[in-house]
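In the text below, chain A, chain B and the rest are named by the order of the sequence lines, each starting its count at 1. These figures come from a predicted structure and were not determined experimentally.
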Protein chains: 2
Amino acid sequence: MADIHPEHAHIIEQTKANMPSEEILEKTAEVFKVFGDKTRIRILSALSEGEMCVCCLCDLLEMNQSAVSHQLAVLKSARLIKSRREGKQIYYSLDDAHIGAILYTGISHAEED
Amino acid sequence: MADIHPEHAHIIEQTKANMPSEEILEKTAEVFKVFGDKTRIRILSALSEGEMCVCCLCDLLEMNQSAVSHQLAVLKSARLIKSRREGKQIYYSLDDAHIGAILYTGISHAEED
DNA sequence: TGAACATATGAACAATTGTTCATATGTTCT
DNA sequence: AGAACATATGAACAATTGTTCATATGTTCA
């Protein structure tokens, strides 16, 4: 590891002071981690069009019900989606508009170049 | 797996038609995956203040040089950061303004509630 | 109440990931 | 050219993750 040049010491302190807290950094990484899976992106993308029940998602994604439910649980515990029951079926939707915005930003970035 | 109700079939087709391509969905997940690590979020957060050399990052993050370089390589191959050499040192910075925007959106979300 | 349906959940396994250690590459200065 | 410095990279390992299979929970309807 190299010695720190005198003129760098100040920048390091400055940057350290401006960094979000460890707790926020941790939370931020956790949120992105949840977005960082193709199956979950597909679910979020579908839900960005409106609420949908589990069986529809299974059909849409062509995945078995267990795999879909597991990912819905991950998304829900991260508060990216919410659910409501209607009879036997459970409908999922994006938790708030913010989620759609994050998703859209990421998709836009991926669509470039 | 349940049968699809007739009124759902239409929604499924509609949603499927509006979904980004598999390639875009894949890319989107990959980008978020790179954002989904605390060390990398700390690096990106630091670089959002301006360019920084590797040894400064090591000092700032209190991590060894190898670990930092490995993560810089991940960030660079995902085109989230770029580098420039100045003598013996290599300075890293965010690849474009878009990256800062995505980071900021995630941090803002984490800061809520 | 019991059968059929819709969804959730636990265990297990392969695959992926982040860090460390050791070493290689590339630059500067004498 | 050789020494010192700054960074990159390969191998190895523990830890985490996504899916599958089997089964549990909760709801509706006869």
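Mapped onto DNA chain C by nearest heavy atom, B/A67 and B/E86 fall at different nucleotides, with B/A67 at the one closer to the 5' end. Each of B/I90 and A/H70 has a nearest nucleotide on DNA chain D; the 5'-most of these lies closest to B/I90.
Nearest to the side-chain atoms of A/S69 among the listed nucleotides D/dG18, D/dT7, C/dT7 stands C/dT7. Counting only heavy atoms from C-beta on, A/V54 has its side chain closest to C/dT7 among D/dT17, C/dT27, C/dT7. Between D/dA8, D/dG26, C/dA8, one nucleotide has an atom nearer to the side chain of A/R85 than all others, and that is D/dG26. Of the listed nucleotides (D/dG18, C/dT7, D/dA6), D/dA6 has the atom at the smallest distance from the side chain of B/Q89.
Rounded to a whole Å, the NZ atom of A/K88 is 5 Å from the P atom of C/dA6.
Within 4.0 Å (heavy atoms only), B/Y92 reaches sugar-phosphate atoms of the nucleic acid but no base atom. Residue-level contact check: B/K38 touches neither bases nor backbone, having no heavy atom under 4.0 Å from any strand. Residue contacts for B/K76: at a heavy-atom cut-off of 4.0 Å it reaches no nucleic acid atom on any strand shown.
By the 30° and 60° cut-offs, the orientation of the rings of B/H98 relative to A/H109 is perpendicular. The aromatic rings of A/F35 and B/F32 lie tilted to each other, with the angle between the two planes from 30° to 60°.
Between B/K38 and the choices A/E22, A/E30, A/K33, A/K27, the side-chain contact (heavy atoms from CB on, under 4.5 Å) rule is met once, by A/E22.
Donor-acceptor pairing under 3.5 Å, judged by distance alone, is present between the side chain of B/Q65 and the base of D/dA8. One N or O donor and one acceptor, one from the side chain of A/S66 and one from the base of C/dT9, sit under 3.5 Å apart.
With a cut-off of 3.5 Å on both Watson-Crick or G-U wobble distances, the partner of D/dA15 is given as C/dT16. Both distances falling under 3.5 Å, in either a Watson-Crick or a G-U wobble arrangement, place C/dT23 opposite D/dA8.
Between D/dG18 and A/T39, no contact under 4.0 Å exists linking OP1 or OP2 to a side-chain N or O.
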